[in-house]
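Quick notes on the structure that follows.
Since the model is a prediction, treat every value here as computed from it, not as a measurement. Every heavy atom of this structure was used, including side-chain atoms; hydrogens, water molecules and symmetry mates were not. Atoms within each ligand, like the ligands themselves, are counted from 1 in listed order.
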Amino acid sequence: MSVVIETEGLSKIYEGALKGQDVHALTDLDLSINEGEIFGYLGPNGSGKTTTIKMLLGLIFPTAGNIKILGSEDISASEIRMQIGYLPEGAYYPDFLRGDEVLEFYGRLYGLRGAKLKQRVDQVLEEVGMTHARKRLLRGYSKGMRQRIGLAQALINDPQILILDEPTTGLDPIARKEIRDILARLRDRGKSLLISSHELLEVEMISDRVGILFEGKLQTLGTIKELLSDRDLNIEIAGADDTILERLAQKGLVTDDKVGDRVRLRVAEQVSSFDALAILKEENVTLLSVAPRRETLEDLFVRVVGDAQSKRSTN
Ligand SMILES: Nc1ncnc2c1ncn2[C@@H]1O[C@H](COP(=O)(O)OP(=O)(O)OP(=O)(O)O)[C@@H](O)[C@H]1O
Ligand SMILES: [Mg+2]
């Protein structure tokens, strides 16, 4: 498996940006993106995602650290740039152009001309399902249609690497699913995708690996499989008072949620389901349901960011 993007100690300080104070937007990022994977780049607002992306694209310069793209440290070289497609955050294209005109414009920027350009525009329109609307002005496009044109724009030069900054923000569930399908198809064709997003459910569905940033520092990195434990158990009970709940917690059956008399317990990984049930039987509580609990990416995100926040406030 080859690495297509590699950063080492990548850092960015916006000097004097915040009332004369420096903003440490990214600190010491070591990251590798592999060929043929979808990498979900996550983090709360202002955590440094767009800053990272802009450095990868050579739009802003790192304060420290190195970037290698397709093995080259010269990321501004045209043969490297030709291999990267980019969908900016909240991409805007002129309203008075038609869909196909926008793509022709970008195709020309990549040196495409004549029949080759026409063929490529046709291909990407087809790829993103916009052939039917190609002759319409962007003014009349819905948000989802604009986003598809944005994606088509990123694909126009048939790049090996796609960097997409929030590709599904603001789209309805159907449009999101369609974009997701397009992205998965691109991955299956061997493209490498770096996607920043706040849509955690989306990211969980399509990413191979994710990284979570908080205040410019990478907190967690791994495959979805590694990071999301699926051994947990959810147990709903009734008829347990606080003393019982406390005893249960000590034995690894921790209260997760409590509504009136109903309590949802989360069973720690080291307690087997049989042991958990035996413990509950001893306490003589009413058992309402038992279900395996799969951690979601949202759970992980909230946990990781929460931990980082509390670590910061105790420092
Ligand atoms: N051009 C700039 N000048 C000064 N500070 C900046 C600049 N761009 C970003 N920042 C700051 O750097 C930090 C990281 O911002 P960045 O845009 O990279 O975050 P993000 O993770 O993309 O956030 P979002 O999810 O809101 O898009 C923030 O504190 C932001 O205010
Ligand atoms: Mg951003």
Side-chain angles (χ1 to χ4, degrees), residues 5-31 33 38-67 69 75-76 84-93 143 146-147 150-151 153-154 161-171 176 179-180 183 193-204 206-207 209-222 227 296-309 311-313 315:
I5 298 177
E6 196 176 357
T7 74
E8 202 184 64
L10 190 65
S11 303
K12 178 71 184 179
I13 300 173
Y14 293 108
E15 277 179 39
L18 189 69
K19 295 181 190 148
Q21 301 259 23
D22 292 351
V23 174
H24 292 253
L26 191 71
T27 307
D28 249 337
L29 178 75
D30 296 330
L31 187 66
I33 310 294
I38 297 185
F39 183 83
Y41 199 38
L42 313 174
N45 292 130
S47 55
K49 303 179 297 294
T50 300
T51 298
T52 309
I53 287 175
K54 285 185 177 165
M55 287 194 278
L56 296 178
L57 294 162
L59 298 174
I60 57 172
F61 293 102
T63 310
N66 299 308
I67 302 172
I69 296 181
I75 61 166
S76 60
I84 303 177
Y86 171 46
L87 175 67
E89 191 174 11
Y92 174 82
Y93 307 101
K143 219 186 289 177
R146 282 166 198 261
Q147 202 67 356
L151 199 55
Q153 169 275 121
I161 301 170
L162 280 161
I163 297 181
L164 312 172
D165 204 350
E166 305 196 19
T168 56
T169 300
L171 302 188
R176 279 214 293 257
I179 298 267
R180 207 163 63 224
L183 301 183
L193 292 86
L194 172 69
I195 301 176
S196 101
S197 180
H198 293 293
E199 314 282 342
L200 299 179
L201 200 62
E202 307 276 294
V203 174
E204 185 178 334
I206 60 167
S207 299
R209 285 192 310 141
V210 296
I212 302 178
L213 270 186
F214 178 72
E215 296 189 338
K217 294 185 188 128
L218 192 65
Q219 310 288 335
T220 301
L221 179 71
L227 296 176
T296 64
L297 189 55
E298 187 173 279
D299 297 330
L300 176 78
F301 185 89
V302 170
R303 180 154 57 82
V304 166
V305 171
D307 284 353
Q309 251 160 356
K311 231 186 273 166
R312 180 195 56 185
S313 53
N315 276 343

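- Minimum interatomic distance between L164 and A154 (heavy atoms only, all atoms of both residues): CD2-CB, 4.4 Å.
- In this structure, R176 and L171 approach most closely via the heavy-atom pair NH1-O, 3.3 Å.
- The environment of E8 atom CD is sparse: at most 12 non-hydrogen atoms of other residues, nucleotides or ligands sit within 6.0 angstrom.
- Surrounding NZ of K54 are at most 12 heavy atoms belonging to other residues, nucleotides or ligands under 6.0 Å away.
- E199 and T168 are not linked by any side-chain donor-acceptor pair at a separation below 3.5 angstrom, with hydrogens and angles left out of the test.
- Listed by chain and number, residues touching ligand 1 at under 4.0 Å (heavy atoms only) are Y14, A17, V23, A25, P44, N45, G46, S47, G48, K49, T50, T51, E89, E166, H198.
- Here T50 reaches the Mg ion (ligand 2): one of its N/O/S atoms is less than 2.8 Å from the metal.
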Counting only pairs under 3.5 Å, give me each side-chain donor-acceptor contact of residues 13-27, with atom names and distances, residues two or more places apart or in other chains.
| unit_1 | atom_1 | unit_2 | atom_2 | d |
| --- | --- | --- | --- | --- |
| Y14 | OH | T51 | OG1 | 3.0 |
| D22 | OD1 | G16 | N | 2.8 |

